[in-house]
Amino acid sequence: MPVLKGLEGLRLVLRTFTRGHHSVGIVGAPFWKGQPRAGVELGPDLIRNAGLVDKLKGQGCTVKDYGNVTFEEVTNDEPINGVRRPRAVGRANEKLSNVVARVKRDGHTCVMLGGDHSLAIGSIHGHASCRGELSVLWVDAHADINTPLTSPTGNVHGQPMSYLIHELHSKIPAIADFSWITPCVWAKDLVYIGLRDVDPGEHFILKNLNIKMFSMTDVDRLGIAKVMEQTCDYLFSKGKKPIHLSYDIDALDPSVSPATGTPVRGGLTYREGIYITEVINQTGLLSAVDMVEVNPKRGSCDAEIDSTVTAAVDLLQSCFGRVREGTHPPDYQVPKP
């Protein structure tokens, strides 16, 4: 297929894509030590208990749930080179990488339910180990691309992309339990959507590496449809690589998803958040999804928790063909132009 440009290119993708059969492999990663707020480890089971598996099956997906990864308890986990809980985070991500690789070898689109966003290290690494070069779409209020040397907190959930990008490899100090990580993403293959709380060091990295990004100011100025047109144009111009979608629930405005560790006002609306997943599904290139940072302990009431969990489930359903005008049967063919 030729490189597609602009609105007509995106419309062609949407019209010609066949809503075919999706084979989904779900991995729970109940891990919180990439950041300081316990509770996010409850996210995977909350999302499951909201009916994720049955809802995906109901829209024609085959689903295999691999259960939750069991992470070892690490004691005496003192900071190294400014990185907090390096042993726990490094070992957890190595284990997750191996599980995600297994899911991909089994032929599924991998859905990793977090847990905090430090888990993207293992998820993307395991994905790349099986599929080679990836396109990464990072939907988040935060860039999460601090290095250990630029991070103002030392929390790894604000650093995962820096360990994975080839161009930043020389900026990462030696950390024993991170030595297994090999960079697997090129800066040109990364796109951000939803940014609105970026640290000074991250601003420098993003500009220096010329990373494609759409802040909330860009979303407001362009509209989400234009943002996704430009995202697709950009990704397709780099070759049709498998897409890894890493979705932090705090990308959505706190009015939609308040039960999360680092909410930032002025985020994506529910409709904008869903539109992103609908378009990525329509490309036919989605190969893995992270859904992270759902933290029930940060909700002030049951309604806030339910709203956050429901949003996570709806986003995942849209990743696999649920459309707001109604889901077509699995064998439905979208008419070609």
Side-chain angles (χ1 to χ4, degrees), residues 26-56 65 68-69 71 84-85 89 92 96 111-120 123 138-144 153 155-160 192-198 216 219 224 245-277 289-319 322:
I26 296 175
V27 177
F31 183 79
W32 67 272
K33 293 186 177 180
Q35 48 84 63
R37 300 176 179 91
V40 74
E41 73 279 5
L42 304 174
D45 286 342
L46 275 178
I47 294 171
R48 286 192 182 95
N49 292 341
L52 176 63
V53 172
D54 287 342
K55 288 177 179 180
L56 289 176
D65 192 340
N68 288 341
V69 181
F71 300 112
R84 293 179 181 271
R85 301 187 182 95
V89 176
L96 178 61
V111 172
M112 187 276 284
L113 305 176
D116 71 64
H117 218 164
S118 71
L119 295 163
S123 182
W138 195 277
V139 184
D140 200 330
H142 312 89
D144 295 348
T153 66
N155 297 320
V156 183
H157 79 153
Q159 305 175 30
Y192 284 100
I193 297 176
L195 297 180
R196 57 194 184 277
D197 185 13
V198 180
M216 283 309 303
V219 174
I224 195 63
L245 172 60
S246 201
Y247 212 122
D248 189 321
I249 201 69
D250 75 22
L252 301 180
D253 190 78
S255 62
V256 180
S257 59
T260 188
T262 50
V264 185
R265 288 187 295 178
L268 297 166
T269 65
Y270 174 87
R271 290 185 299 173
E272 290 168 338
I274 290 289
Y275 188 80
I276 292 168
T277 54
V289 186
D290 307 325
M291 182 59 61
V292 299
E293 299 284 359
V294 172
N295 189 336
K297 291 187 177 180
R298 306 302 295 178
S300 63
C301 60
D302 288 345
E304 289 193 352
I305 298 169
D306 291 344
S307 177
T308 306
V309 173
T310 297
V313 173
D314 290 352
L315 289 166
L316 289 169
Q317 285 189 263
S318 294
C319 285
R322 179 188 182 223

Side chain proximity check, Ile47 to Val313, heavy atoms < 4.5 angstrom: yes

Applying the side-chain contact (heavy atoms from CB on, under 4.5 Å) criterion to Thr260, which one of Ile249, Val40, Val292 satisfies it? Ile249

Test item: side-chain donor near acceptor, Asp290 and Ser123, under 3.5 Å: yes

Is the shortest side-chain heavy-atom distance between Val256 and Thr269 below 4.5 Å? no

In this structure, which one of Glu293, Lys297, His157, Arg85 forms a side-chain contact (heavy atoms from CB on, under 4.5 Å) with Trp32? Arg85

Would you call Thr262 and Asp248 a side-chain contact if the rule is heavy atoms closer than 4.5 Å? no

Heavy atoms of Gly261 and Asn295 approach each other most closely as N-CB, 4.4 Å

Can a donor-acceptor pair be found between the side chains of Asp140 and His117 at a distance below 3.5 Å? yes

Ignoring hydrogens and angles, tell me if any N or O in the side chain of Asp144 forms a donor-acceptor pair with the backbone of Pro160 under 3.5 Å. no

Is the closest side-chain heavy-atom distance between Arg48 and Asn68 below 4.5 Å? yes

Within the structure provided, determine whether Thr308 and Pro258 are in side-chain contact (heavy-atom separation under 4.5 Å). yes

Could you report the tightest heavy-atom contact between Ala251 and Tyr247, atom names first, then the distance? CB-CE2, 4.2 Å

Smallest heavy-atom separation, Arg84 atom then Val156 atom, equals O-CG2, 4.0 Å

Hey, are the side chains of His142 and Val264 touching, using non-hydrogen atoms and a 4.5 Å cut-off? yes

Minimum heavy-atom separation for Leu56 to Gln317, with atom names? CD2-CA, 4.0 Å

Any side-chain heavy-atom pair from Leu268 and Val139 closer than 4.5 angstrom? yes

Once you round to the nearest 0.5 Å, how far does CD1 of Ile26 lie from CG of Leu316? 8.0 Å

Go through the steps for Trp138 and Leu195 under the test side-chain contact (heavy atoms from CB on, under 4.5 Å), then give the verdict. CA-CA 9 Å; Trp138 195 277; Leu195 297 180; 5.6 Å; no

For a 4.5 angstrom cut-off between non-hydrogen side-chain atoms, does Leu252 reach Leu315? yes

How many angstroms lie between CG in Leu119 and NZ in Lys33, if you round to the nearest 0.5 Å? 12.5 Å

Closest heavy-atom pair, Leu245 versus Cys319, reported as atoms and distance to 0.1 Å, is CD2-SG, 3.8 Å

Donor-acceptor contact present, side-chain Thr277 to main-chain Ile274, <3.5 Å: yes

Against Tyr270, only a single residue in Thr310, Asp253, Asp314 fulfils side-chain hydrogen bond (donor to acceptor under 3.5 Å, both in side chains); can you say which? Asp314

Nearest heavy-atom contact between Pro36 and Asn155 is CD-ND2, 3.6 Å

